[in-house]
Structure formats: C-alpha cells, structure tokens
Number of protein chains: 2
Amino acid sequence: MTAAMSHYDALDFGTIDQGTTSAPDHEGANLSVRELTRLLHIDYPDEAWLARTAFALRRVREGEALIRAGDKFHSLYIVRSGCFKTVYTDFSGSEQVLGFPMCGDLMGADGIDGGHYSSTAVSLDTSEVVIVPLASLARLVSECPSLEALLYRVLSRELVRVQNMAWTLGTLGAEGRVAAFLLSMSARLGALGYSRCSFNLRMTRQEIGSYLGLKLETVSRALSALNTAGIIQVHQRSIDIVDAAALRGVIDPAAGAPEGIVPHPGSAAAPGGVKDGRCARKPRSQVPPGRAWRELAAA
Amino acid sequence: MTAAMSHYDALDFGTIDQGTTSAPDHEGANLSVRELTRLLHIDYPDEAWLARTAFALRRVREGEALIRAGDKFHSLYIVRSGCFKTVYTDFSGSEQVLGFPMCGDLMGADGIDGGHYSSTAVSLDTSEVVIVPLASLARLVSECPSLEALLYRVLSRELVRVQNMAWTLGTLGAEGRVAAFLLSMSARLGALGYSRCSFNLRMTRQEIGSYLGLKLETVSRALSALNTAGIIQVHQRSIDIVDAAALRGVIDPAAGAPEGIVPHPGSAAAPGGVKDGRCARKPRSQVPPGRAWRELAAA
DNA sequence: CGGTAAGTTGAATCTAGTCAAGAAACGTGG
DNA sequence: CCACGTTTCTTGACTAGATTCAACTTACCG
C-alpha cells in the first residue's frame, strides 16, 4: 500500500481510534466508512468494521482541477461537499460538460478500464472529496468484502445516470432539457436535505448549455420562457420552482418519460422505474459481511 | 446458487471436463472463461483456472427481448454473437435506443444498483449471449478473485462509451453524428475481425436515428450526403467506407474530438491494461478478495 | 405477384444557433 | 463608498439546420 502512494493523496487509510466517530472537517482528515456509506445512500452491514476504517479527505478550491483527462488512474473520488463539473476538453479549447457531481457522487470511474482518466473534474466552488486510492482498495476489500457490492452499485448508478442523460439529449428539445436539468437539481439537492423548490445554481449558463447540448443563449431563453410561464422564478443563478408538476409536463407533454429521468422525489418508483439514482435508495436488510455478489443476489 | 436460478437461465456453472476446451455452439452449452476473456478483450492470468470453469449460453432470436426494463435484476449478459439494441420505452410507445451491444459487449449492468433493469435489450438478429447469473458471481469470484478486476473494467468501459455518446449528442450535428456512428461501427467490427470498410448494418434508419437523436429522414439524408460526397458508399444497409479520414473530418472539422469517440474498447486497450502475467495461484485455497484492485493497481 | 416494411427525396415549417447589443452582477482598487 | 472593468446574463433579429408532411421507390416475404 505504501508503495503506490502518490504525493498528494495524503493517504491515511487504516485503523483509527475507536473514539473518532464523527468526521472531521479539515484538510487531510479522515472519513469513516460509515460516513462514506451515508454519503452514497447505500446501507452497509458491517457496523463493527465501519468504526475502524477511514478514508483521507481532500479540499479542492474553486476552479481547481481534481482530475485531469489523460492522467494515470490512481484513485476514485466521492464528493463530500461542494460541486464539480466533469468535462471533455477537445484541444481546440472548447469544453463539453459531462456532469455536475455533487455530494455523494462518484468521480474517476471512467479511468478504471483504460488506466487513464478520460475526463477532467473541476471544482465549481470550494469542495471536499473522499479519496479512495486504488492502492488501498485491495486492502479495503480484503478486510470487508461486502464493500465490493457498494462499488459495483455506485458504478451501476453512474451508468444509469449517464444513460438518462443520453435519453434527455436524444429526445428532448431545449425547454425540456432545461426543465429536466432543473428537476434533477431539485431532486438531488432535496435528497441532500436542501430545499427542493428554491436553490442556487453553481454553474454558468455556458456550463449548463454545454451539459445539455445547447448554447448559453438558448438556456437563458428557456429559463426566461419558464419564468414568464409562471412555472419557475429565475433571477440569475437563483431558482425557485413554483410548479413542479408543470415543469414535469414540459418534459413530457404526453406522459412519456421513462420514469426516472426526472427524479420524482420520494416516489414509490414502480418496478421498472429507472429511479433517480440518488434518492429512492431501498434499505438493505442486515446482511452478514460476505461476498459482494451474494449480497446483491439477496436483494 | 440453485436458489436464485431463474427458469430460462439454464445455469450450468461449475467444473467441466478438462477435455472440453473449445466452446460449443449450441443452445444450453457452456462457455469457458477463457473464451469469455477473449470476448471481452481483457487479458486474464489464471490459465489453470480458466480451463475448469464455464458459463451458460443462450440463443436469442431476432426481435426477441432478452431483458425487459423493470424486470428484476438477476444476470449480466455478454454478447457472444449477433447484435442487440438496448432501449428505453416510454409507455406512449415510442422507443429511445441507447446502444447497439455487439460481440463482447456487456448488457444488464444498469440493473445492479436499483435491483431492476432500467432498459430493454432486443436482439436484432439471431444472437447468442453468455449468461453471468448474479447468483454464481459470488462463487466465481471466490474461486478466482482476479475475475473482479474484469468486471470493474467492463463496467468502466461501458461508462466511457455512454459518456462518449453524450458528447456526440451534445456537440455534433446530424452529419457528424452519423459519421461518428459509422466510424464506431467500423472500429467495432474491425476489432472483431470483420472488414473495417465494408459491412452491413443490422438496424433500421429509425433505430439509428433514435440512437443518434435524429429522425430517420435526417439519417437517410446524412447518409446520402456522405455518399454523394464520395466519402462512403451506401446502398440500403450495406456500407462501404471509401475515405475514412474524410469521415473523421466530418466529425471534427477543426481537429477537435477528444480521444475516443469512435474507438470502441477492445481493440488496442490503452497502455497500462491489466496485464499482470502472474497470478498462478491455485484457486482451491480461498484467496482473500481484494486481489482485483491490487491487480488494477499493478498496471 | 401483391402487400408490407424500409428507405429515399422534396418542399414547407419551426427550432435552435449565430451575431450583436445592452443590462445586471461581481471584484478590485482607489 | 464609489468608479471601473470584467464577467455573466438577457434579449432581439436573422440564419442554418433539423423536423414534418408527403410522395415515391426499392427491397423483402409470403
């Protein structure tokens, strides 16, 4: 484990004092796995083990790149606070935003296969991430195999998210995309305990547009249109959702969306729903720490 | 393992005769893991173990649905031959195509997190898939932990693929999308040993359009345009790529595309792949999990 | 041979992009 | 606290590109 440690990882994985239960907030501190599972909204069985293990944290300033496309893959990251954007940068300079990872979201998984990250992750404000170094995963998993199920699930969740994104880009017009974006933000922030109907965006119109495959002017127009329609209230980056149902109606004039594009907060999620991928996490019954896949199979 | 077996899985995981080296071709037959790794284009170290393990196969007729969105997640599938489409179906009837899994591609991974598949997989011709039942993964992995690295990588690869798709939809116009699609097909078929410049599409214009976020007429027009430009030669579903460079130029007028829009995994796996020639550990003694990540770390 | 599904092509429409100007917010330094 | 420049956002007029509607051709399958 010591071998493959990179300079800035500040890896400090290992056993920590039993007393240290709550997660510290300063740079270089550790985060317990218990906190991690809470962050990911995935229940985790091995309570005893949880208290003994921790991950390093890292603070990332606004505008700073945590991951750069092309860098050698060495760690996964989970956002603990703040907000990022992940981008492809074609070397003519222009960016394509792929996502806005927020609290509980995974970053860096695209580097597993190729051995190099394929996208860049830039912080949109002062953020904090949990570092999960590749080098320590081996040890982690050997100490608590059921951790693997967690990783599989996080990867799967990310996959579903990106698929939903492809759906949005493929089928919706400008207003629909913006509406979907707002509802998504609403649900994600709601799941984190913030207000679902009133929040502040952290990203520019340019970045939203890039994410949605639109130009910034179009985003602005769409927001204005929704505003004058009385569905939302926009003032710069502050958003108030006045009529969430109407907003969903914009996406899906004929009742079409395959259930989870727009995360319905707390919906019972009919079987088959794609689900939000963030809120409706089904509580897993206490399973003895065993093989990852056996756990998944039990569900 | 017997418990969670579904009726049609015909799961027959386990030890097979040493003599049975080559993969059988008929329904219900088994596929060795050696063949599986070959299929996935991922190198795999444990030669001894490879020969002793096998997966069930299933034949899927044209138009038949292998997976239905909403079904309970029970298995992963890897395409062995033929071609599928994966779709979201909004209950107003219209489909959105998410991908065209072909030989070596994974299907069903979107069901891991939520416990239910989120998309439907329909065969576009008579296909054959490798069934990887959830219930047997636990056992599989315990017998040869390095198999996990393989799964992580396949998931990661799929993630990158969908991200590239999002990029395509977000930034390219109609012709660019069609060009990217053709190049992607070309590369994928090439990696499978078929001709890179002359092939037959298995999907309709409608399906291509749905996949690319375009209408069928637009796809047709784009193909015609590329045809009259002398870049390709189209006749119904038969495609001949006359000038691949020009085709790339359509995507990227100003030399922009990020590394791998087209490249489908499989071919020349990026530097730093899971090589790790040694792992000749006898699988009989329970190897602690975690080897998977250690292997990835070794790259 | 006839019926159906798939593909091509044309003309009109509409959506989002482009170009351009101006307004509002933010940060910095006086 | 205010003046200033910069960035971000909004809005309008015009254009390019994709969709829509529709006719027609071609392949496919009994």
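Letters go in sequence order (proteins before strands), and every chain restarts at 1.
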Using modelled atom types and a 3.5 Å cut-off, is there a donor and acceptor pairing between side-chain atoms of A:R59 and backbone atoms of A:E128?
no
Once you round it to whole Å, what is the distance between [atom2] of [N] and [atom1] of [X]?
| X | N | atom1 | atom2 | answer |
| --- | --- | --- | --- | --- |
| A:R177 | C:dT15 | CZ | C1' | 11 Å |
| B:L169 | C:dA16 | CG | P | 15 Å |
| B:I232 | C:dT8 | CD1 | C1' | 14 Å |
| A:I239 | D:dC9 | CD1 | C1' | 12 Å |
| A:E62 | D:dT7 | CD | P | 14 Å |
| A:L223 | D:dC9 | CG | P | 10 Å |

D:dC9 phosphate, OP1 or OP2, under 4.0 Å from A:R237 side-chain N/O:
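Answer yes for this pair, as a side-chain N or O of A:R237 is under 4.0 Å from OP1 or OP2.
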Below the 4.0 Å mark, does D:dT26 have OP1 or OP2 next to a side-chain nitrogen or oxygen of B:H235?
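For D:dT26, OP1/OP2 do not have a side-chain N/O of B:H235 under 4.0 Å.
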Between the side chains of A:S238 and A:N200, is a donor N or O closer than 3.5 angstrom to an acceptor N or O?
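Absent: no donor and acceptor within the cut-off.
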At what angle, to 10 degrees, do the two end axes of the helix from C:dC1-D:dG30 to C:dG30-D:dC1 meet, given five pairs define each axis?
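One end's axis against the other's: 40°.
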Supply the atom-to-atom distance [X] [atom1] to [Y] [atom2], rounded to the nearest 0.5 angstrom.
| X | Y | atom1 | atom2 | value |
| --- | --- | --- | --- | --- |
| A:Q233 | A:L223 | CD | CG | 13.0 Å |
| B:S220 | B:L214 | OG | CG | 12.0 Å |
| B:S184 | B:Y211 | OG | OH | 5.5 Å |

Picking from A:V250, A:L182, A:I241, A:V242, what satisfies side-chain contact (heavy atoms from CB on, under 4.5 Å) with A:I231?
A:V250
Does B:R221 make a side-chain donor-acceptor contact with the base of C:dG10, cut-off 3.5 Å?
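For B:R221, whose side chain was compared with the base of C:dG10, there is a donor-acceptor pair (under 3.5 Å).
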Looking at DNA chain D, which of residues 199-218 of chain A put a heavy atom within less than 4.0 Å of it?
A:T204, A:R205, A:E217
Mark yes when over 12 heavy atoms from residues, nucleotides or ligands other than B:E64 sit less than 6.0 Å from its CD; otherwise mark no.
yes
Answer whether the closest heavy-atom distance between the side chains of B:T120 and B:V122 falls below 4.5 Å.
yes
Which heavy atom of A:L124 sits nearest a heavy atom of A:E62, and at what distance?
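Scanning both residues completely, I find the closest heavy atoms to be O-CG, 3.5 Å.
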